[in-house]
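I have placed the structure first, in the form of structure tokens, so that the comments after it can refer back to it.
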Amino acid sequence: MDNIVQKVKTEITKMVINSIEEAKKNGLLNIEDIPSIEIEEPKEKQFGDLSINTAMVMAKSAKMSPRKIAEIIKDGLKLEGTMIEKVEIAGPGFMNFYLNDDYNVEALMLIKKKGIDYGRVNIGNGKKVQVEFVSANPTGPMHMGNARGGALGDALSSILDYAGYDVTREFYINDAGNQIEKFGLSLEARYLQLLGQDVEVPEGGYHGDDIIERAKEFLELYGDKYKDADPEDRRKALVQYGLKKNIEKLKDDLEAYGIEYDVWFSENTLHESGEVESVINELKEKGYTYEKDEALWFKETLFGAEKDDVLVRANGYPTYLASDIAYHKNKFVKRGFDWVIDIWGADHHGHVAPMKGAMKALGIDPNKLDVLLMQLVRLMKGKEVVKMSKRTGKMVTLRDLIDEVGKDAARFFFNMRSADSAVDFDMDLAVEQSNENPVFYVQYAHARICSILRQLKDDGINTEDLKDVDLRLLNEEAEIDLIKKLAYLPEEITIAAKTMAPHRITRYILDVASLFHTFYNSCRVRGVDEELMKARIVLIDATRIVIKNVLDMLKITAPEKM
RNA sequence: GCGCCCGUAGCUCAGUUGGAUAGAGCGUUUGACUACGAAUCAAAAGGCCACGGGUUCGAAUCCUGUCGGGCGCACCA
């Protein structure tokens, strides 16, 4: 059993059901069905470790007061051999369960035994899940939104991996379509400018300095070879060079941010392989399309969308929607993913219904596709909103963020917030306050533990293969609180995976760090009675393991010194 | 106008399936280093959970209306 919280919940469920059935048999309770036992964790310590509201739920059908029912259930509970110390009835009819020492001992043993694998659970059963995230346009550098998407997608991927899924991280390269045209025209303009010609970057083109850089590099490589070439060939050569270079940079920047993809998927290959064309034909044959104004439309409204959209433009080119449908068919049908998660900025939310509709139209269960929308990042300088402009190409890039704020702080920051909350990112503040960033609080806890363990080793004390440790000696409040939090990691992973909420893990590890610091300030490890010291070594080492595992999951450094 | 997301302490934000006295960090105030790292800890102050109605034993959470903010509603992606 990987998840001790689940284990004790199962124990409670079983004993409660047994007790109710027993009471029914003895005529103490008169009910038809036993409600499902919902176990929750009370916020208040005075209400025990786990509690159920079963008696309150049963009150109506049993025609008895909740407290009376609770009494009957409680009397029938067999606590021997379980991890429950005692049960109390409180408030309107809650039954509060208190955990005993066995629970704490078992939790610590499990962490020690599992080590770097502690926290892993198997709710995924090896199901193939793909997480597609960032997928920034390869026409320029990545911005703060990509930084958020990267932190979110990568953390979610790790969590699903820990939860027992077979995870594929994927980056979709939009190397086809309109913006590539614009990219080519922009590069061409800069190239010709460098050759002394009086041309301008076209309307809606890319004005950033990076375009000028690419053009310069291209000029160095090929000189004026393309000056008088056929414009189409010229743009093709420029685009080919620019894309290659930009994609390399995307990879470099993302790697510096701690992200490594399993698959870089090129949109262009979908056109070349004929998959786009074939999926358009499939929709056509199924009768889900019609022609209007010389364009081919997809009847999305049949599948719950608000309006129909164009699949093939009047000029014969397929839209992004057509390639995206082909892409998702490729994910499900050709590559056989059981579950696909796309992480998109909230500005793309209108795209969700069309995609789900298309899945339905293709006979793919749309529930296998989850789109995680994250609200946008607004860049601030103090109280001022920093406008990012495509026209002027002025923006703060992911690379700037890594250089100025640091990978660890940035990833932690983005993963502290739920995807649903819009964030204001104050660059000045982030740099200025980086020393009191929460990430250091967690890293500091880790470094502190390593420091203690180092010194113990210097004292000649074995900290790794401790024998005959009596973990029951750990009964200070600070110790118990810490152990219980550590025991919760597998459950936390489970919930984070089910709710696709990486920020839970970040919050969790902050709690762990906080409880450790409290422990540190009230209990000593070195210099106490040897038996107690041994038990505490096990505790802090378990804490170290938990922090390390979670930071690894978030791809944040776990320093031994800082 | 229609759709999606949001509105919780001075600020930034948590709050899984509806639960008991709504939490944390920052900031403010007051304490704690002659013993393992003070990047830490302990304590205090701070709230009509935007507002009104409803559902029920019980609502920050679900439904509905209003107000305020963000984002969509292209033959761009």
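Chain letters run A, B, ... following the sequence lines, proteins first and then strands; every chain starts at 1.
- Remark: ring of A:Y441 not stacked against base of B:rA39; the cut-offs of centroid gap under 5.5 Å and plane tilt under 30° are not jointly satisfied.
- Among the atoms of the strands shown, none is found under 4.0 Å from any heavy atom of A:E181.
- Spacing between B:rC48 and B:rG65 at atom P, rounded to whole Å, works out to 26 Å.
- Going from atom CZ of A:F265 over to atom CD1 of A:I173 covers 9.5 Å, rounded to the nearest 0.5 Å.
- Rounded to an integer number of Å, the gap from A:K356 NZ to B:rG3 P is 19 Å.
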Original post:
Which letters describe nucleotides 68-77 of chain B, given B = protein heavy atom under 4.0 Å from base, S = only from sugar-phosphate, - = neither?
Top reply: ---BSS-BSB
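- Proximity of A:L429 to A:M380: side-chain heavy atoms (C-beta onward) are nowhere separated by under 4.5 Å.
- A:N96 comes within 4.0 angstrom of a base, heavy atoms only.
- With a 4.5 Å cut-off on side-chain heavy atoms, A:Y520 and A:R524 do not count as touching.
- Donor-acceptor pairing under 3.5 Å is recorded for the side chains of A:Q455 and A:S451.
- Within the nucleic acid shown, A:V352 has no heavy atom closer than 4.0 Å to any nucleic acid atom.
- In the model, A:Y320 has no side-chain atom that pairs as donor or acceptor with a side-chain atom of A:E267 under 3.5 Å.
- Below the 3.5 angstrom threshold, one finds no donor paired with an acceptor across the side chain of A:D420 and the base of B:rA14.
- A salt bridge does not link A:E294 to A:R313: none of the charged side-chain nitrogens sits closer than 4.0 Å to a carboxylate oxygen.
- Contact check on A:K307 versus A:E300 returns no salt bridge, with no Lys/Arg side-chain nitrogen under 4.0 Å from an Asp/Glu carboxylate oxygen.
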Enumerate the protein-to-nucleotides 42-49 of chain B contacts in which both atoms are nitrogen or oxygen and the separation is below 3.5 Å.
residue, atom, partner, partner atom, Å
B:rA42, OP1, A:T518, OG1, 3.1

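- For the OP1/OP2 pair of B:rA39 and a distance below 4.0 Å, the side-chain nitrogens and oxygens of A:R448 include no atom meeting the criterion.
- Between the CG atom of A:D511 and the C1' atom of B:rA14 there is a distance of 10 Å, rounded to whole Å.
- Closest to the side chain of A:R504, from the set B:rU16, B:rA14, B:rG19, is B:rU16.
- Checking A:N96 against A:E88 by side-chain atom types alone, no donor-acceptor pair falls below 3.5 Å.
- Separation of the P atoms belonging to B:rG58 and B:rU21 is 14 Å when rounded to the nearest angstrom.
- In this model, no donor atom of one side chain and acceptor atom of the other lie less than 3.5 Å apart for A:Q375 and A:D420.
- If you take atom C1' in B:rU29 and the same atom in B:rA45, they sit 8 Å apart, rounded to whole Å.
- Among the nucleotides B:rA14, B:rA20, B:rG37, the one closest to any side-chain atom of A:Y444 is B:rG37.
- Residue-to-nucleotide contacts include a donor-acceptor pair under 3.5 Å from the side chain of A:S51 to the base of B:rA20.
- A salt bridge does not link A:E531 to A:R536: none of the charged side-chain nitrogens sits closer than 4.0 Å to a carboxylate oxygen.
- Look at A:K457 and A:D459 and you find no salt bridge, because none of the NZ, NE, NH1 or NH2 atoms lies under 4.0 Å from a carboxylate O.
- For the residue pair A:E275 and A:N330, a side-chain donor N or O sits within less than 3.5 Å of a side-chain acceptor on the partner.
- At a non-hydrogen distance threshold of 4.0 Å, nothing from residues 540-548 of chain A comes into contact with RNA chain B.
- Residue contacts shown for A:E40 include a base, since a base heavy atom lies under 4.0 Å away.
- Among residue pairs with one or both ends in residues 339-350 of chain A, those qualifying as salt bridge (charged side-chain N to carboxylate O under 4.0 Å, His left out) are A:K331-A:D342; sequence neighbours excluded.
- With B:rU40, B:rG19, B:rU17 as the choices, the nucleotide that has an atom nearest any side-chain atom of A:E38 turns out to be B:rU17.
- Among the protein residues, A:C450 comes within range of no part of the nucleic acid, since none of its heavy atoms lies under 4.0 Å from any strand.
- Between the P atom of B:rG3 and the CD atom of A:E300 lies a distance of 18 Å, rounded to the nearest Å.
- A donor and an acceptor atom, one from each side chain of A:Y290 and A:D308, are located under 3.5 Å apart.
- When the side-chain nitrogen and oxygen atoms of A:S451 are compared with OP1 and OP2 of B:rC36, none of them lie within a distance under 4.0 Å.
- When all heavy atoms of A:A513 and A:V442 are compared, the closest pair comes out as CB-CA, 3.9 Å.
- Rounded to whole angstrom, the span from the CZ atom of A:R67 across to the C1' atom of B:rA20 amounts to 12 Å.
- With centroids closer than 5.5 Å and planes inclined by less than 30 degrees as the test, A:F94 and the base of B:rG19 fail to qualify as a stacked pair.
- A glycosidic torsion no more than 90° from 0 defines the syn conformation; B:rC73 lies beyond that range and is anti.
- Residue A:R524 contributes atom CZ, which lies 13 Å from atom P of B:rU34 at whole-angstrom precision.
- Taking the ring axis of A:Y98 as reference, the NZ or CZ atom of A:K86 stays within 45° of it and closer than 6.0 Å to the ring centre.
- Of the two residues contacting RNA chain B, namely A:I39 and A:A447, the nearest-nucleotide position lying further toward the 5' end is that of A:I39.
- With RNA chain B read from its 5' end, the first of the two nearest nucleotides for A:I495 and A:M562 is the one closest to A:I495.
- Looking at A:Q46, its side chain comes within 3.5 Å of the base of B:rU21 through a donor and an acceptor atom.
- A:D370 and A:W339 share a side-chain donor-acceptor pair at under 3.5 Å.
- B:rA59 and B:rC51 have their C1' atoms separated by 16 Å, given to the nearest Å.
- When the C1' atom is compared between B:rA60 and B:rC6, the two are found 14 Å apart, to the nearest whole Å.
- By the 6.0 Å and 45° rule, A:R417 stacks over the aromatic ring of A:F413.
- Taking atom NE2 of residue A:H517 and atom C1' of nucleotide B:rG25, one finds them 13 Å apart after rounding to whole Å.
- The only member of A:K485, A:R504, A:K498 that meets salt bridge (Lys or Arg N to Asp or Glu O under 4.0 Å) when paired with A:E492 is A:R504.
- Among B:rG37, B:rC13, B:rA39, the nucleotide with an atom closest to any side-chain atom of A:F440 is B:rA39.
- In this structure, the CG atom of A:D428 is 17 Å from the C1' atom of B:rC11, given to the nearest Å.
- When the P atom is used for both B:rU40 and B:rG7, the distance is 29 Å, rounded to whole Å.
- For B:rA44 and B:rG27, the C1' atoms lie 14 Å apart once the distance is rounded to whole Å.
- Taking atom CD on A:E491 and atom P on B:rU17, their separation rounds to 14 Å, with Å as the unit.
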Would you tabulate the pairs of protein nitrogen or oxygen atoms and nucleotide nitrogen or oxygen atoms of nucleotides 56-60 of chain B closer than 3.5 angstrom?
residue, atom, partner, partner atom, Å
B:rC57, OP1, A:K60, NZ, 3.0

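- In summary, A:K9 and A:E41 engage in a salt bridge, as defined by a charged side-chain N under 4.0 Å from a carboxylate O.
- Taking only side-chain atoms of A:R507, from C-beta outward, the nucleotide of B:rU16, B:rC13, B:rG37 with the closest atom is B:rC13.
- Paired runs in RNA chain B that reach 3 or more consecutive Watson-Crick or G-U pairs, where each pair keeps both distances under 3.5 Å, cover B:1-7 with B:67-73, B:10-13 with B:23-26, B:28-32 with B:40-44, B:50-54 with B:62-66.
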